[in-house]
There are 2 protein chains.
Amino acid sequence: MDTAAKYNHVDEEAESIVTRKEVAELAGVSEATVSRVMSGVGPIKAETKQRVLEAAQSLNYHPNAIAQSFARRRSGNLGVVLPYVPKVHIFSTYYFSEVLSGIGEQVKEMGYDMLLMFRTPGVESDYMRIFRSQKVDACIILGATDTPGERAELRTMAEAGLPFGLVNQHFSGERFLEIDADHTEGSYSAVKHLIARGYRRIAFLNGSPQYSNSGDRLRGYVQAMREAGLLPGVEAHPADAEAIPPHWYYEGNYSRTSGYKAAAEMVRNRDRIDAVFASNDRMAIGLMQGLREHGIVPGRDIAIVGYDDSDAARVTDPPLTSVAVPFYEMGRLAAEKVLTRAAGGSGADEQEPPVSMKLDTKLVIRQSCER
Amino acid sequence: MDTAAKYNHVDEEAESIVTRKEVAELAGVSEATVSRVMSGVGPIKAETKQRVLEAAQSLNYHPNAIAQSFARRRSGNLGVVLPYVPKVHIFSTYYFSEVLSGIGEQVKEMGYDMLLMFRTPGVESDYMRIFRSQKVDACIILGATDTPGERAELRTMAEAGLPFGLVNQHFSGERFLEIDADHTEGSYSAVKHLIARGYRRIAFLNGSPQYSNSGDRLRGYVQAMREAGLLPGVEAHPADAEAIPPHWYYEGNYSRTSGYKAAAEMVRNRDRIDAVFASNDRMAIGLMQGLREHGIVPGRDIAIVGYDDSDAARVTDPPLTSVAVPFYEMGRLAAEKVLTRAAGGSGADEQEPPVSMKLDTKLVIRQSCER
DNA sequence: TGAGATAATGAACGCGCGTACATAATGGAC
DNA sequence: GTCCATTATGTACGCGCGTTCATTATCTCA
C-alpha cells in the first residue's frame, strides 16, 4: 500500500499525475486507444477521437515525456556539449552565443529540445557516456580541443556510428561530421587587405594553438605574407610557424585580457610593427585598449584587423575591420545534419559517411585600418 | 524476430545497448545488486562491488538515464524557457547570455542538466505542459511578459506548487519566486548622476512596456526628476508616465535599431534635450550612432547613460556610463532556489512560500556624460 | 555453540507508454 | 443474408531501472 498516496492527498488533488489509464476510463475506451489518439497513430473513428480528446482535456492530461522517451527509446533531445570554463561567462562570447542561437533555431524547427551539458574538467571519457546514457539522440560538441585523448574518443564514437558533430573545428585525417569555416582563407584575405592598404610590417596575434582554427589562421597569415615577399618562402622555412620572426608573432587565449597584455609586448617592437592581425575581436579590442594606453592610437598610428565580426566590432573606436564568420548558420547546419543523421537509423551502414564542410568567411572593412 | 538485429550485427557489436542484466550475469549477481552498486545504495560487500564494477567496465555499461528518470520519476533537468524571437540571435543579447551563464554554473554544481525550451509563438498554455510532461524537475522562465494570459497561467502553476522561477521581472500582487534587480533604484541613481553633473533637460528612452523592469525604470527616472524639481510633483500628476512631457519620453524595444530610430525623433527636440537616459546599452549605442549621424556628438554635445553595463559599454566611443546589473548572479540564484525547491518534495504544503528578491545594481561611470 | 541482530543479496513488481497481435465492428460486393 | 476486406478497438507485453520485501549469510555476545 502506498502510504504516501494516503497522506499526501492534498497534493494528489492539486497536481496528481494524470495517466492515460484515467483518460481511458473516462472516455470509455482502452488505454491503447488513448495512446493512439494522442500520438495520431493508426485509424481512429472520429467520434472516439473526440471523446478521448475531451476526456484528456477535462483531466488536463499530458503524456509523460519521460515515459514516451523510454518506450520509444528516443529522447527527443539534441545534446550540446560545452567546454567548462569556470569564471568565463561562456554564453557571452560571441562565438558560442551565435552558434547556440543557430542550433536553437534548427532544433525547434525539427521538434527537438536542446540539452546543454557542460564538460567536467578532469574527466576524459565524457562524450561516450552522453550517448550511452541515452539522454540525447544526437549531439554537437563545441570547443573540442585536438589532444590525443579527445581525438581517440571522438574516433571511437565515429566508429560506433554515433550521430555527433563538431562546429568550428576540424580534425585532419578523421572523417567526422564537421561544420567549420574557412579560416585560412579568411585570414588570408584579412592580411591581403592590410598589404593592399600599404602596410608591410604586419604582426599576428594568434589564439590558443589547441584549436584547429588557430592553425588555420596562422596558415592564412603566412601565405599572404609570403606571397607579398614579406616572409621567407616555403623553401627557406617549410613550417609556417617558424617562418615568422618573433617580433611579429604573439599568442593570446582569445580573451580580451590576453589582447591587452599582448599590447605591452608589442610596444617593445613598436618600430617594427605598423599593423596587427588579431585572431578574434575580443583580443583585438583588448589590444586596442592596451596600445592606446601606451599612446599608440589604433587606426591612426597602427592598423588593426580583428576576426569574427562580432557586435563589438561595430562600436569600437575606431570601428574594427574584421572577418565575418557565419557562426549562426554553422550552428543551424550542424544541428540539421546531426539530427537528420540520428533519425536515419542508428546503424552506421547504409549511411552516407559524415561530411565535413567549410563555410565562407567575409572581410568587413571599417575604419581601423584606413590611415 | 528482430530482423534489424540480424542484419545490423556489426553495429550490435559496436553499440548494442548493454543493460544491467548482462552485467549481472557476467558478475554472477542479481540485477538488483548491480543496481545498488551503480547507484551506491545500501550495503554491499566490497568484493561484490568490485566484481560488479569490473563487469560493468568490461562491458562498457552505463545506466540508461532515461530509464532512471522514468523509474525514479525525476528527470534531472532544469528547464529554461526562452521567448521565441525569430531572427534575433537570442543568446547574443547580454541579458540572456549572462543569465544563462549563471544558471549553467549553478546547474552543473547541483548535478543537473539544462534543458532549453523555446516558447512556441502562438501557444498560450505552454508552461504547464512543460511540467506535466515531466521532462524537467523545475524551470526558470525568461522573458515572460505581464499579460493577463501569462499571469493567469503562472498563477495556476504557483497554486499547484510547481517549482518555477522568474528572472529579471516581477508580477506585483503575486507570490512567485522572482529574482529581480532593483531597476527603480538603478535608474534613479543614473538620472541623479546626470543631474549632479549639471544636466537638467534629461530625456528618457524606455523599452517595451510589457516588461516589469520598464515600469521600474520609468519610476526611477520620474522620482529623480521630481526630486530635482525637473518634473511636476506627485500632486500635479500622480501617474508617473503622465508627468513626463512628450519631448522627453521615447520608447524603443530594447534593440539597437530602435535606439537608432529614436535618435531621429530626438533631433526634432534637440534644443530641449541635453542628456538621455536609455533603458539598455543596445538602445544607447543605437542612439549614439543615430545622433552622431545628425552631427550630435555623444559625450560632447549630449550626455548619454545606458543600462546593463554590457561588454559593449566599455568599447563605445565615448565609453558608456551605464548601470551594472548582476545578471549572472541572478541566474545562479534563481537556479539554486528553484532546484532546492524541486528537491524539497513535490507538495505545496510545508514548503516555505516562494521568495521574491531584488538584487542591487551599480552605476558605472565612464566618459559618455562627462562634458 | 546458539540465538538474535545485522549485513548482504535475490525475487518480483511497477513506473507510463508504444506497439505487435488478437479480436470485433463495419462496409461492400454478390 | 453471406463472406471477405477493411477499419477500429482491445489485450498484453516489454522498455531498463528503482525499490520493497523476503531470504540468506555473517557477526556479536552470551
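Every chain is numbered from 1 and lettered A, B, ... according to where its sequence line falls, protein lines coming before strand lines.
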Subject >> For DNA chain C, stems built from three or more consecutive Watson-Crick or G-U wobble pairs below 3.5 Å >> reply: C:1-30 with D:1-30

Can you check the [X] [atom1] to [N] [atom2] distance for me, whole Å?
X	N	atom1	atom2	result
B:F70	C:dG18	CZ	C1'	11 Å
B:K135	C:dC17	NZ	P	15 Å
A:R74	C:dT19	CZ	P	10 Å
B:E47	C:dA8	CD	C1'	12 Å
A:R72	C:dA20	CZ	P	13 Å
B:R51	C:dT9	CZ	C1'	11 Å
A:N64	D:dG16	CG	C1'	15 Å
B:I66	C:dC15	CD1	C1'	14 Å

Please write out the pairs of protein N or O atoms and N or O atoms of nucleotides 25-29 of chain C separated by less than 3.5 Å, giving the distance to one decimal.
none

Original post:
How would you label the contact of A:S35 with the nucleic acid (heavy atoms, under 4.0 Å): base, sugar-phosphate, or nothing?
Top reply: base

Original post:
Counting any heavy atom closer than 4.0 Å, what does B:T48 reach on the DNA or RNA strands: base, sugar-phosphate only, or nothing?
Top reply: sugar-phosphate

**OP:** Give a yes/no answer on whether the side chain of A:Q68 brings an N or O atom under 4.0 Å of OP1 or OP2 in C:dG18.
**Re:** yes

**OP:** Would you tell me if any nitrogen or oxygen in the side chain of A:R73 comes within less than 4.0 Å of OP1 or OP2 on D:dC15?
**Re:** no

Subject >> Between NZ on residue A:K135 and CD1 on residue A:I130, distance to nearest 0.5 Å >> reply: 10.5 Å

Original post:
Hey, what do you get for CZ (A:R119) to CD1 (A:I141), rounding to the nearest 0.5 Å?
Top reply: 8.0 Å

Subject >> Pair B:R20 + B:E31: basic N to acidic O under 4.0 Å >> reply: yes

**OP:** Identify whether the distance between the nearest side-chain nitrogen and carboxylate oxygen of A:E54 and A:R51 falls below 4.0 Å.
**Re:** no

Donor-acceptor pair, side chain of [X] and main chain of [Y], under 3.5 angstrom:
X	Y	value
A:E174	A:R151	no
B:N77	B:G79	no
A:E153	A:Y127	yes
A:Q169	A:A144	yes
B:D137	B:S75	yes
B:T48	B:I44	no

Original post:
More 5' along DNA chain C: A:P63 or B:I44, using each one's nearest nucleotide?
Top reply: B:I44

Please list each protein N or O that sits under 3.5 Å from an N or O in nucleotides 10-14 of chain C, with the distance.
residue, atom, partner, partner atom, Å
C:dG10, OP2, B:S30, N, 2.7
C:dG10, OP2, B:S30, OG, 2.9
C:dG10, OP2, B:T33, OG1, 2.6
C:dG10, N7, B:R36, NH2, 2.7
C:dG10, O6, B:R36, NH1, 3.4

Original post:
With respect to the side chain of A:T19, which nucleotide from C:dC17, D:dG18, D:dG16 is positioned closest?
Top reply: C:dC17

Subject >> Per A:P43 side chain, nearest of listed nucleotides C:dG18, D:dT7, D:dC15 >> reply: D:dT7

**OP:** State whether the number of non-hydrogen atoms from other residues, nucleotides or ligands found under 6.0 Å of A:K108 atom NZ is greater than 12.
**Re:** yes

Original post:
Do the side-chain N and O atoms of B:Q106 and B:Y112 include a donor-acceptor pair separated by under 3.5 angstrom?
Top reply: no

